[in-house]
Amino acid sequence: MMKPGKWLLTGIWLTACGAVQAGVAPGPDAEVSPPEQSMPGSVPIALSAVTQALKHFQLLTVAETGAAPRLLRSRHGRVLLHNGEQAYVRGRLHLGQQYGVYRDMGELVDERTQTHYGHRIMLTGMVTARAQLQPELTGVAINSLSRDIRAGDLLLPWSARGEPSAVYHAVPGPALAAGRVLAIGHEGSVAIPYDVVWLNKGRRDGVREGHLYDVFRPADVLPSLAVARVMLIQTREHASAALVIDSRETVRAGDELGEPAYDELSF
């Protein structure tokens with residue numbers, strides 16, 4: 001077992017016959033370097049893609065979402081905020097600490113079963129707490145933007161949030177009954193490689209980080225078409241986030257999950 005921090009995962013290569021090959025490099029500052037020749041049917045998965053996805057997309061409980069501090073507006077009254085601007089936050093923060101700013105994407109809901117899984121959030125930028133103006137009003141400085149930052153976005157302490165704690169062991173996941181894509185991580189309606197999608201299966205269903213699934217487009221008459229492959233990167237009790245690692249077509253909400261097929265048509 002590799003100790004977190006001692007080794008870095010440089011890539012995972014999935015062979016056409018289903019074998020898994022992982023590349024590692026020593027030290028936290030090691031360069032990520034893919035192999036000179038890819039194996040037939042292989043897909044390289046960069047650690048940076050997994051790390052970025054974990055930092056940018058999270059799932060909070062309703063209570064966590066409601067308790068999180070919220071951006072109000074800039075000092076000049078703007079609701080669309082800019083890099084380097086000073087802004088106000090409703091809530092008490094730790095002065096000098098960095099916070100991630102997240103867009104509340106709404107509840108993750110399975111429309112077929114009416115199951116509610118929590119609130120999807122997406123990173124929009126970073127701020128630093130500068131001044132406690134009132135007991136529940138804090139002044140912050142906007143440090144960086146991943147997307148547009150808006151009034152109403154919520155704040156969470158940054159620290160090492162989203163850093164992988166161990167190497168993923170990429171293997172086909174267990175068979176799932178009625179597994180499917182519930183939502184796309186970002187604000188668009190389709191996902192492409194290195195985008196995040198939310199699934200309706202979690203730890204209670206036996207899935208874990210690193211499990212692989214093919215994504216199938218349902219069809220009325222013809223067999224379902226495998227349109228993409230995903231790897232689970234974050235699992236909750238009843239839902240999971242997965243990274244699209246390759247695709248023939250875009251992934252959409254409602255697409256189904258199935259066992260990865262390693263053949264001449266493999267991704």
Side-chain angles (χ1 to χ4, degrees), residues 12-21 38-46 49-50 53-54 57 59 105-118 120 168-267:
I12 302 170
W13 293 275
L14 311 177
T15 69
C17 62
V20 176
Q21 188 176 62
S38 295
M39 295 176 291
S42 65
V43 178
I45 308 168
V50 177
L54 287 170
F57 302 96
L59 189 65
M105 304 288 290
E107 274 202 274
L108 182 65
V109 180
D110 189 332
E111 298 295 344
R112 299 185 190 180
T113 64
Q114 290 303 304
T115 303
H116 293 245
Y117 300 94
R120 299 176 290 134
Y168 290 100
H169 181 45
V171 295
L176 299 175
R180 59 185 174 276
V181 176
L182 291 178
I184 309 302
H186 55 66
E187 294 175 298
S189 59
V190 297
I192 61 176
Y194 299 115
D195 281 344
V196 168
V197 295
W198 290 101
L199 313 178
N200 69 331
K201 299 296 179 180
R203 290 191 293 267
R204 182 166 290 189
D205 303 288
V207 300
R208 296 293 183 269
E209 287 83 357
H211 281 167
L212 302 167
Y213 289 97
D214 277 0
V215 178
F216 292 86
R217 180 71 32 77
D220 294 332
V221 179
L222 299 176
S224 298
L225 172 68
V227 297
R229 179 161 296 161
V230 299
M231 182 178 76
L232 273 64
I233 59 172
Q234 179 190 143
T235 58
R236 303 293 290 264
E237 191 71 10
H238 299 284
S240 299
L243 186 70
V244 180
I245 60 176
D246 208 356
S247 67
R248 290 191 184 97
E249 299 181 14
T250 56
V251 178
R252 309 169 190 168
D255 286 347
E256 299 170 347
L257 303 178
E259 181 182 356
Y262 298 93
D263 54 26
E264 69 278 3
L265 296 179
S266 180
F267 296 97

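Numbers here simply count residues along the sequence, with the first being 1.
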Polar side-chain atom of [X] near backbone of [Y] as donor-acceptor pair, under 3.5 Å:
X	Y	value
Arg208	Arg203	yes
Asp246	Arg229	no
Asp195	Thr250	no
Lys201	Gly206	no
Glu237	Arg204	no
Arg236	Ala241	no

Shortest non-hydrogen contact between [X] and [Y], atoms and distance:
X	Y	answer
Arg120	Gly185	NH1-O, 4.3 Å
Val244	Ile192	CB-O, 3.5 Å
Trp198	Leu59	CH2-CB, 3.5 Å
Gly188	His186	N-ND1, 2.8 Å
Leu182	Ala253	O-CB, 3.5 Å
Val230	Val215	CG1-CG2, 3.6 Å

How many angstroms lie between atom [atom1] of [X] and atom [atom2] of [Y], to the nearest 0.5 angstrom?
X	Y	atom1	atom2	answer
Leu212	Glu259	CG	CD	11.0 Å
His211	Leu176	NE2	CG	9.5 Å
Glu256	Tyr213	CD	OH	14.0 Å
Arg112	Gln114	CZ	CD	12.5 Å
Phe57	Ile233	CZ	CD1	9.0 Å
Glu111	Asn200	CD	CG	12.5 Å

Does the side chain of Pro193 come within less than 4.5 Å of Ile245's, by heavy atoms?
no

Pair Glu249, Leu225 - check side-chain contact (heavy atoms from CB on, under 4.5 Å), show working.
CA-CA 10 Å; Glu249 299 181 14; Leu225 172 68; 3.5 Å; yes

Can Arg252 and Val227 be said to form a side-chain contact (heavy atoms from CB on, under 4.5 Å), step by step?
CA-CA 10 Å; Arg252 309 169 190 168; Val227 297; over 6 Å; no

